[in-house]
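One structure is given here, and the rest of the page talks about it.
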Amino acid sequence: MKHVTESQQFDLKNIEKIFQLADSLEKNKDLPLKGKIMASLFYEPSTRTRFSFESAMLRLGGNVITTENAREFSSAAKGETIEDTIRIVNKYADVIVLRHFEKGASIRAAAVSKIPVINAGDGTGQHPTQALLDLYTIQKEIGKIDNLKIAFVGDLKNGRTVRSLAYLLGKYNAIEIFFISPKALKIGADIKDYLKRHKISYQELENWNLILGKIDALYQTRIQKERFKTEKEYQKYKGKYVLTMNEVGKIKNKSIIMHPLPRVDEIAVEVDSSPKAAYFKQAEYGLLIRMAILKLLLT
Ligand code: CP
């Protein structure tokens, strides 16, 4: 594994290796990345991904150089291309964690980089490390991934985490997916084609009423305000699917509720105390998965 750019690059063997390493790093006291430098280059806002990568690097003994809001605070503001920025950061760091507003940016970055590039979210493209931590959450909280019934809810057109996780789920057996969204925010044809090729059963619905009692995991997502052309357009969909204790009561007792976060209003705060709520745990698992990825890439 040289770069981490998209979920399709992982096979079941790689995924298992990352999960085993993540398990082993829970009580880590070693500093295998001492002397290594991670550059975190974030052109879009982030709380979880940037801090968890930076924390992961520091916990493994490495160092971090960083620019948040790189669109404004890096030389991108003066017109520097992503390729030139990556060529330069190659001279100063051992690994680059890149969040960018353009789909495909990390593939462009990886093409000119001699050091590993990790895609930390590229526009409406992918977020592969989020997908790995999502899958790890399912494994840890449900105890299996095969034979899973999962509902993805919300802005499935613009949400990169759903796209990346769907690619990973395509590698498992007897998965059943429900895509719940307004017609205008449906999951992309590329994902549906991929699932068909991998013989994964899926249904597209606008309403979640009929499936709440069937699913093992509900993956709620935010309506992605920043991807809409106008506030008016965003307001049409905001608040369309709000998970309250009313819906949670219809979900099976052993099922889990996930969300890549940040949340706006799509999960009521009252749901946080439900034993089914796994979204804060999910963010916590992200630290272990990102430690595992950094260790695999740099040692
Ligand atoms: N899930 C996720 O990518 O969160 P951030 O945008 O806060 O990094």
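Leu33 and Leu21 fall within a single hydrophobic cluster, where Ile, Leu, Val, Met, Phe, Trp and Tyr are joined by side-chain heavy atoms under 4.5 Å apart, directly or via other members. Residues Phe53 and Leu98 are members of separate hydrophobic clusters, defined by side-chain heavy-atom contacts under 4.5 angstrom among Ile, Leu, Val, Met, Phe, Trp and Tyr. With hydrophobic clusters built from ILVMFWY side chains whose heavy atoms lie under 4.5 angstrom apart, Tyr167 shares a cluster with Ile118. Linking ILVMFWY residues whenever their side-chain heavy atoms come closer than 4.5 Å, directly or via other members, places Ile256 and Ile150 in the same cluster. The hydrophobic cluster containing Tyr43 does not contain Met38, counting ILVMFWY residues as joined when their side-chain heavy atoms lie under 4.5 angstrom apart, directly or transitively.
For the pair Thr230 (side chain) and Glu233 (backbone), a donor-acceptor distance under 3.5 Å is present. Asp146 places no side-chain N or O within donor-acceptor distance of the main-chain N or O of Tyr172, the cut-off being under 3.5 Å. Of the possible polar contacts, none joining the His127 side chain to the Thr161 backbone as a donor-acceptor pair under 3.5 Å is found. Judged by distance alone, the side chain of Thr124 and the main-chain N or O of Asn158 form no donor-acceptor pair under 3.5 Å. With Asn119 contributing its side chain and Glu6 its backbone, the two residues share no donor-acceptor pair below 3.5 Å. Asp30 places no side-chain N or O within donor-acceptor distance of the main-chain N or O of Pro32, the cut-off being under 3.5 Å. At least one donor-acceptor pair closer than 3.5 Å links the side chain of Lys171 to the backbone N or O of Phe10. Listed for the Lys144 side chain is a donor-acceptor partner under 3.5 Å among the backbone atoms of Asn147. A donor-acceptor pair is defined here as one N or O able to donate and one able to accept, closer than 3.5 Å; no such pair exists between the side chain of Asp84 and the backbone of Glu80. For Gln9 (side chain) and Thr5 (main-chain N/O), a donor-acceptor pair under 3.5 Å exists by modelled atom type.
Checked against side chain to side chain donor-acceptor pair (under 3.5 Å), Arg160 has the following partners two or more places apart in sequence or in another chain: Glu44. In this view, Arg222 and Gln224, Glu226, His259, Pro262, Val264, Glu266 satisfy the side-chain contact (heavy atoms from CB on, under 4.5 Å) rule, not counting sequence neighbours. Taking Ser201 as the reference, nothing meets the side chain to side chain donor-acceptor pair (under 3.5 Å) condition, with sequence neighbours excluded. In this structure Lys114 satisfies the side chain to side chain donor-acceptor pair (under 3.5 Å) test with no other residue, sequence neighbours excluded.
Counting heavy atoms of neighbouring residues, nucleotides and ligands inside a 6.0 Å radius, atom NZ of Lys254 does not exceed 12 of them. The number of heavy-atom neighbours closer than 6.0 Å to NZ of Lys276, taken from other residues, nucleotides and ligands shown, is above 12. Sparse packing is recorded around NZ of Lys157, with 12 or fewer heavy atoms of other residues, nucleotides or ligands lying under 6.0 Å away. No more than 12 heavy-atom neighbours from other residues, nucleotides or ligands sit within 6.0 angstrom of CZ on Arg59. Other residues, nucleotides and ligands contribute more than 12 heavy atoms inside 6.0 Å of the NZ atom of Lys192.
Side-chain contact check for Met291 versus Asn28: some heavy-atom pair is nearer than 4.5 Å. In this structure, Ile177 and Phe179 have side chains that are in contact, with non-hydrogen atoms separated by less than 4.5 Å. Inter-residue side-chain proximity for Ser46 and Phe51 is flagged as unmet; no heavy-atom pair is nearer than 4.5 Å. Residues Thr244 and Glu270 meet the side-chain proximity criterion, which asks for heavy atoms closer than 4.5 Å. When side chains are defined from C-beta on, Lys140 does not count as touching Thr137, because their heavy atoms never get closer than 4.5 Å. In this structure, Gln130 and Ile289 have side chains that are not in contact, with every pair of non-hydrogen atoms separated by 4.5 Å or more. Residues Leu288 and Phe19 are not in side-chain contact: their nearest non-hydrogen atoms beyond the backbone lie 4.5 Å or more apart. Side-chain contact between Lys186 and Ile191: absent, with no pair of heavy atoms (C-beta onward) separated by less than 4.5 Å.
Salt bridge annotation for Glu176-Lys214: absent, with no cationic side-chain nitrogen under 4.0 angstrom from a carboxylate oxygen.
Grouped with Leu261 in one hydrophobic cluster are Val153, Phe178, Ile180, Leu205, Trp208, Ile211, Leu212, Ile215, Leu218, Tyr241, Leu243, Met245, Val248, Ile251, Ile257, Ile267, Val271, Tyr279, Phe280, the linkage being side-chain heavy-atom contacts under 4.5 Å among Ile, Leu, Val, Met, Phe, Trp and Tyr residues. The hydrophobic side chain of Ile107 is isolated, with no ILVMFWY side chain under 4.5 Å apart from it.
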Stepwise salt bridge (charged side-chain N to carboxylate O under 4.0 Å, His left out) check, Asp155 with Lys240: CA-CA 10 Å; Asp155 183 354; Lys240 173 99 178 136; over 6 Å; no
Stepwise side chain to side chain contact (heavy atoms under 4.5 Å, CB included) check, Gln220 with Met258: CA-CA 6 Å; Gln220 176 68 306; Met258 302 172 68; over 6 Å; no
Trace of the salt bridge (charged side-chain N to carboxylate O under 4.0 Å, His left out) decision for Glu54 with Arg50: CA-CA 6 Å; Glu54 293 182 357; Arg50 189 163 74 91; 3.3 Å; yes
Side chain to side chain contact (heavy atoms under 4.5 Å, CB included) assessment of Lys36 paired with Val95: CA-CA 8 Å; Lys36 302 279 188 194; Val95 58; over 6 Å; no
Criterion salt bridge (charged side-chain N to carboxylate O under 4.0 Å, His left out) on Lys281 and Glu141, from CA distance to verdict: CA-CA 9 Å; Lys281 193 85 191 159; Glu141 298 297 308; 5.0 Å; no
Derivation of the side-chain hydrogen bond (donor to acceptor under 3.5 Å, both in side chains) call for Asp23 and Gln20: CA-CA 5 Å; Asp23 285 344; Gln20 280 176 5; over 6 Å; no
Residue pair Asp265, Lys238: steps toward the salt bridge (charged side-chain N to carboxylate O under 4.0 Å, His left out) verdict: CA-CA 8 Å; Asp265 57 0; Lys238 184 182 179 293; 3.1 Å; yes
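The two residues Val162 and Leu156 have their closest heavy-atom pair at CG2-CD2, 4.0 Å. When all heavy atoms are compared, the tightest approach of Val89 to Ala39 is CG1-CB, 3.5 Å. Leu287 and Ser55 make their closest contact through CD1-OG, 3.5 Å (heavy atoms, listed as atom of the first residue, atom of the second, distance). Here the shortest heavy-atom pairing between Lys103 and Gly125 reads CG-CA, 3.6 Å. When all heavy atoms are compared, the tightest approach of Gly154 to Ser181 is O-CB, 3.1 Å. Pairing each heavy atom of Leu168 with each of Ser7, the nearest pair is CD2-O, 3.6 Å.
Interatomic distance, OG1 of Thr66 versus CE of Met57, reported as 12.5 Å (0.5 Å rounding). In this structure, CG in Asp122 is found 8.0 Å from OG in Ser164, a value given to the nearest 0.5 Å. Going from atom CG of Asn90 over to atom OG of Ser113 covers 3.5 Å, rounded to the nearest 0.5 Å. Rounded to the nearest 0.5 Å, atoms NE2 (His100) and CZ (Phe42) are 12.0 Å apart.
Between the side chains of Thr129 and Arg290, at least one donor-acceptor pair of N or O atoms lies under 3.5 Å.
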